[in-house]
Amino acid sequence: MPRRRKNEANEHLIRVGNRVISLEGYLTKKPRNEDPVPEGNRQVEQVVASHSQPDGFKTERDSESPSSAKPPTGDPQYFATRQALPLWAHQEAIRRLLRQNDVVVLVGETGSGKSTQVPQFLYQEKWCQRRRVNLKVAGSTQEASVGGMIAITQPRRVAATTLAHRVSREAGTPLSGGEGNSTSKGSPTKGLVGYSVRFDHRVPSGTRLKYLTEGMLLQELLRDPHLRQYSAIIVDEIHERSVDVDLLSGFLKQIISGDKAGRGGIPLKVIIMSATANVNTIKAFFSDGASEPKDSVAFLQVEGRQFPVDIAHTPKPVPDIQESLLKTIFKLHTEESLSDKHGRKDILAFLTGQEEIESAQRLIEEHASTLDPKLPKVKVFPLFGQLSMEAQHDAFQPIKGGFTRKIVLATNIAETSVTVPGVRYVIDCGKSKVKQFRPRLGMESLLAMPISKSSAIQRAGRAGREGPGKCFRLYTEETYETLETMDLPEILRTDVLSAVLTMKARGIDDVLDFPLMDRPEIESVENALVQLHILGAIADDGSITDMGRKMVSFPVAPRYARVLLAAADAKYDCLLEVIDIISCVTSGEDIFLQLRSEEAREEVKEARGELFRREGDLLTYLTTMQRYTAENSDRLRWCKERKINIRNMKRALNIRKQLRGLCVRQGMMEQPDEDPQPFVPVSPEKASIILKCFLRGFTLKSAILAPDRSYVTSQGKHVVAIHPSSVLHGQKKEAIMFLEHVFTVKNYAKKVSAIQAAWIPEALGQGE
DNA sequence: GAGCACTGC
């Protein structure tokens, strides 16, 4: 039983289980006058530093007084809130900048209102009107309309839909209808604002402002390379630097620096919005080499609405993060009030992953039970992506019972994706897990790495959303200074296979020449080209094949698209089954919830048993989808009994519906019968065909059992182990195929199937 | 015996 020894000589000693931890010396901040740099809010420092602009950029910071700004249009009930936003005072400056420039970079910190207000400031501008133009197409002239809409891109679906709802309410033209899966392109109601994300499109007639995900605009680019329906593209949250936003930036740069003939001479305005002040790479990218003079890229910075956050570093490097975390939490908890005039004063700690979070939770709960009963209670909420929706939701709810402090232990999900209310203290362990692709090994690694300064500032900022806050970094100031300024953009961390095919399909012949803010190593691009050639997506001369074009039309990674096309081939003829499997594997981390205890495993053993197939994970997914869709009474209960992730399963069903629709439209299959269909298990013969079909996309993602009973991969000849999440874990088959290959504590193959060794050369010999 | 976070007509 953990117990705090109150009468021990050292009051700061606490005992948790068999660990003794000293609180002494912790969080005792250095006196101010010893600090070479005041320990104030680093975000402010960062902002001030970036005010000095390099030559060649027009900088517009100070602007008109609020009184000169136009009165708001739209619903009067939102006027006061909108006028109070920091951005409001800059609206004339923003309009003027866009009249004078085609590209504007706008830095606005969290809470400035840029995502909601900038589009509303601009859509009534003259340059934003739709116009009829004459286009020269293949020698002849044809009339077309250009412009009229503004697109606002977001990295996440929820951001796009919630912003659209918010802005449509402000504009007084609410997006009607229920939430959910309306896939209809338009709606009879007229409205100013619409949105478009996968599985959910709401674009009323008359839409001028369209919020969409970055991936969705890339899809539109495939049909409309000149983005003719838009007068402007607003790229929001560019600092997150997803692969999609990097590709999008490249295409936008080509459009704005091209001859504009495809738009009838009408320029496309581009507004780049970032929450991070460090935008030199982005500004340089859009100004460098443009046909317009350099000063056509304008820059504006707007202050955020953020309370000051006091930042403390540890005086010495901490040997044990868990120990240090525990000390910090309980020091805070016992010394700081539960709330003040700004509201609750809860704690948010950033840790690296689920395992670290769960062990920290145990330690905190053990220690909390030994506290003086007169002290406030604590309640711990874990927060990471694989948690169920309800469990995630708990972390956002105000706590029940006034005498309790909320402690949220989160991964970097809380850095960008979600906001936890009530947080005034942030504890930052200084690390996060990062997935990195190793092109030479053809595999990924997932390891905890030091975060960037930008990330550390972002984490600290989470303490100042509702009132003045404090951030405790569990690392020294010297360590902070050694951190990289920015995170490595995703395009330098992932397999560029998909990105290269995206470029090829959009007419980029020389992908090495495509403008990118950060270029992947040539080796990565070459590796991707070789892999695409093996898949039959590009020809010997590097041009995209018909196969490649068909692959791009599916919203799945190229290898999966290749498997879908193979499945439609009469030789395999298993498209419905393959769609079911791909829907499951691309719906999220895993549709099977992980079971921690032996009891929990025993509990679902029987219910899950009917799903498991000896051929491996892919056939198990197929059985699961088939049984799930055959279930007609209570699918929710069905999932709960088998401990299946309902969110991922619903998502899988959406993907299945979308893929089925696409395949029918492309003439790859007949309209399938409606669910529910009676469950019929696939025969072992059919199972072999399905696996051979997958091998067309994953030929080199295979391994053969060596004489020493280890699996040796076809590509690179590495030893690989079957991941514990696989139904084949611990089993020895003559050969395996896997969809993922990740190094964590060792080389793991995930989503594994048993195959015959002879199938591998067979699949290799079938290249188109 | 183990799982950072997103996303696609």
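Atom set for the values below is all heavy atoms of this structure, side chains included, hydrogens, waters and symmetry mates excluded. Each chain gets a letter, A, B and so on, in the order the sequences are listed, and its residues count up from 1.
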Distance check needed: dC4(B) C1' versus E358(A) CD, whole Å only. 14 Å
Rounded to the Å, how far apart are F350(A) CZ and dC4(B) P? 16 Å
Where the side chain of R223(A) is defined as all heavy atoms beyond and including C-beta, which of dG8(B), dC9(B), dA2(B) is the nearest nucleotide? dC9(B)
Can you measure H729(A) atom NE2 to dG3(B) atom P for me and round it to whole angstrom units? 12 Å
Would you tell me if any nitrogen or oxygen in the side chain of T416(A) comes within less than 4.0 Å of OP1 or OP2 on dA5(B)? no
Ring center gap for H165(A) and Y195(A) short of 6.0 angstrom: yes
Distance, rounded to the nearest Å, where L383(A) contributes CG and dA5(B) contributes P: 9 Å
Separation of atom CZ in R157(A) from atom P in dG8(B), rounded to whole Å: 5 Å
Are OP1 or OP2 of dG3(B) and a side-chain N or O of T744(A) less than 4.0 angstrom apart? yes
Would you check if F350(A) and T411(A) make a side-chain contact, meaning some heavy-atom pair closer than 4.5 Å? no
Whether F592(A) and Y621(A) hold their rings parallel, tilted or perpendicular, with breakpoints at 30° and 60°: parallel
From the set dG3(B), dG1(B), dT7(B), return the single nucleotide nearest to any side-chain atom of P724(A). dG1(B)
Listed partners of S553(A) passing side-chain hydrogen bond (donor to acceptor under 3.5 Å, both in side chains), at least two apart: Q666(A)
Side chain of Y748(A), heavy atoms from C-beta onward: which of dG8(B), dC6(B), dA2(B) has the nearest atom to it? dA2(B)
Those residues that, when tested against F698(A), pass ring pair (Phe, Tyr, Trp, His ring centres under 6.0 Å) (two or more places apart): Y560(A)
Measure NZ/K550(A) against P/dC9(B) and give the value in whole Å, please. 20 Å
Quick check on dC9(B): is either OP1 or OP2 less than 4.0 Å from any side-chain nitrogen or oxygen of Q658(A)? yes
Under 4.0 Å between any heavy atoms, over every strand shown, what does A448(A) touch: base, sugar-phosphate, or nothing? Just pick one. nothing
Using only modelled atom types and a 3.5 angstrom limit, is any donor from either the side chain of E214(A) or the base of dG8(B) paired with an acceptor on the other? no
If you check every side-chain atom of F384(A), which of dG3(B), dA2(B), dA5(B) has the closest atom? dA5(B)
Of K433(A) and F554(A), whose closest DNA chain B nucleotide lies nearer the 5' terminus? K433(A)
Ignoring backbone atoms, establish whether T411(A) has a side-chain N or O less than 4.0 Å from OP1 or OP2 of dA5(B). yes
Could you check whether I413(A) gets within reach of a base, just the sugar-phosphate, or nothing at all, counting any heavy atom under 4.0 Å? sugar-phosphate
Looking at every strand, decide which applies to E355(A) at a 4.0 Å heavy-atom threshold: base, sugar-phosphate, or nothing. base
Just how far, in rounded Å, is C1' of dC4(B) from CD of Q392(A)? 13 Å
Distance, rounded to the nearest Å, where E589(A) contributes CD and dA5(B) contributes P: 8 Å
Quick check, are the ring centers of F251(A) and F514(A) under 6.0 angstrom apart? yes
Most 5' of L662(A) and Q354(A) on DNA chain B, judged by nearest nucleotide: Q354(A)
Determine the contact category for S417(A): base if any of its heavy atoms lies under 4.0 Å from a base atom, sugar-phosphate if only primed atoms, P, OP1 or OP2 are that close, otherwise nothing. sugar-phosphate
What nucleotide among dT7(B), dC9(B), dC4(B) has an atom nearest to a side-chain atom of L222(A)? dC9(B)
Using a 4.0 Å heavy-atom cut-off across all strands, classify V556(A) as base, sugar-phosphate, or nothing. base
